[in-house]
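Report on one structure; see the data block that follows.
When a ligand or atom number is given, it counts from 1 through the structure's own listing order.
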Amino acid sequence: MENNNLIAYWDNAASTMVDKRVLESMLPYFSELYGNSSSSHHYGSIAKSAIDEARENVSNLINAQTKEIIFTSGATESINLALKGFIEENFESGNHIITVKSEHKAVLESCEYLEKRGISVTYLDVDENGHISLNDLKESITSRTILIAIMYVNNEVGVIQPIKEIGQIAKENSVAFFCDATQAIGKINVDVIEDNIDMLAFSGHKIYGPKGIGVLYKRNGISIAPLIHGGNQEFSLRAGTSNTPLIVGIGKASLLAKNEIHVRQENAIKKRIEIIEHFINNEIGILPKWEKFQIPNILNIELISCNSIDFMNSQIYKMAISNGSACNSGLFEVSHVFRLLSKRPENIIRISF
Ligand SMILES: *Cc1c(COP(=O)(O)O)cnc(C)c1O
């Protein structure tokens, strides 16, 4: 463990460091500014203003309105709220969801849960580059379809889906469109109006903010039922005393993401070139086919003579990388997304910076 500082941290798709400016913005709300934002006294109103400002920063980042932003405990909760909450509120208009085989487990498991309760789900295939076919999507829509759930950027292979086109198809067919944008936020411009997104989820700790806080954007006019009942916090869609410091943190992280996105993109492109050179020049691995469709900060390498687990073990004091999403690699299970895209999924690693 004393070598910690020498290890290259290349697993930013699993979690990022809290930016110092984010941490500083949060600190007073743990200590002297501890009021409950629902209280009507001075302490309460200080917390409430801080939350209002955070909501403003989050909504500016994705071109939404403040009343369309719901704070949750993370992307996982936002995804659960969007999918289960939408179905519960709208099942009288239909019972069919369309999603994709390469989605995050939070989406796939929520869909499986809903299937057990009588909802039918279509899982679209992806091609060898990780993209869905827009034609398949159109053909899967029936008169019973009420929701499409497709992620912006895949967390394991970094491939960007044609979100604007998907949003357009959803709109033309009067189907709601939910997008897990956890890996896109802060990396590429996300605009819920331009992309025709009705609901969108992301997490604080993937954008240099704290863990345990996330956002669900829900377009005005889309109805969902809450998962957590109680007080009227978060427009009565997520009860419980607001977590002021974490909300302030994701607000600050959103502000920084908006202001610094171009610098981050440039840095990622430079870093990507360096890392690719390291792996190619030392004949450790080759680039997979889908490399040209990846977001700059996520890179996969197909190892030439070693599987991902042996390689990760051999590099354990040199680089922090992964062989899929954090949930998969804990179990040393080969990623379901690598399996969809590659003939040698056990040789693929993910590097994210
Ligand atoms: C990290 C991640 C999530 C889950 O976020 P949590 O903060 O763990 O709830 C969901 N989707 C994608 C694409 C992710 O990368």
Side-chain angles (χ1 to χ4, degrees), residues 9-18 22 58 62 70-85 99-113 126 130-132 148-161 163 166 177-188 190 195 197 199-217 227-228 238 243 246-247 249-250 253-254 257 268 293-300 320-331 335-338 340-341 350-353:
Y9 184 79
W10 285 344
D11 202 15
N12 283 278
S15 200
T16 59
M17 176 193 286
V18 176
V22 171
V58 169
I62 57 171
I70 302 154
F71 290 115
T72 66
S73 67
T76 300
E77 187 188 326
S78 298
I79 291 165
N80 275 264
L81 177 56
L83 300 184
K84 297 178 196 167
T99 187
V100 183
K101 289 179 181 166
S102 55
E103 289 291 305
H104 189 274
K105 286 275 165 79
V107 169
L108 295 177
E109 296 284 322
S110 294
C111 284
E112 277 171 35
Y113 171 88
V126 289
H131 290 129
I132 64 151
I148 294 171
I150 298 181
M151 73 202 315
Y152 216 119
V153 172
N154 185 278
N155 52 308
E156 302 189 41
V157 292
V159 172
I160 308 167
Q161 294 293 356
I163 291 301
I166 296 168
F177 175 33
F178 165 73
C179 182
D180 173 2
T182 311
Q183 295 290 346
I185 294 290
K187 276 87 181 181
I188 49 182
V190 174
D195 295 339
I197 297 171
M199 294 187 282
L200 172 144
F202 70 93
S203 244
H205 72 107
K206 306 279 176 85
I207 59 164
Y208 304 106
K211 294 176 179 61
I213 183 81
V215 163
L216 176 65
Y217 152 79
L227 301 178
I228 299 173
R238 209 281 186 172
N243 194 329
L246 295 191
I247 292 173
I250 200 171
S254 298
F293 300 105
Q294 291 186 308
I295 196 166
N297 63 297
I298 295 182
L299 171 69
N300 295 113
I321 55 172
S322 97
N323 62 342
S325 71
C327 2
N328 293 337
S329 46
L331 301 165
S335 141
H336 69 290
V337 186
F338 296 171
L340 291 170
L341 265 62
R350 179 187 71 182
I351 298 171
S352 51
F353 31 95

Between S15 and K211: side-chain donor-acceptor atoms closer than 3.5 Å: yes

Any donor-acceptor N/O pair, Q161 side chain to I150 backbone, under 3.5 Å: no

Beyond-backbone contact of S254 with F202, side-chain heavy atoms, under 4.5 angstrom: yes

Close-range residues for ligand 1, whose non-hydrogen atoms fall below the 4.0 Å threshold: G74, A75, T76, I79, H104, M151, N155, D180, T182, Q183, S203, H205, K206

Exam field: side chain S203 to backbone K206, donor-acceptor pair closer than 3.5 Å: no

Donor-acceptor contact present, side-chain T99 to main-chain A149, <3.5 Å: yes

Exam field: side chain Y217 to backbone I197, donor-acceptor pair closer than 3.5 Å: yes

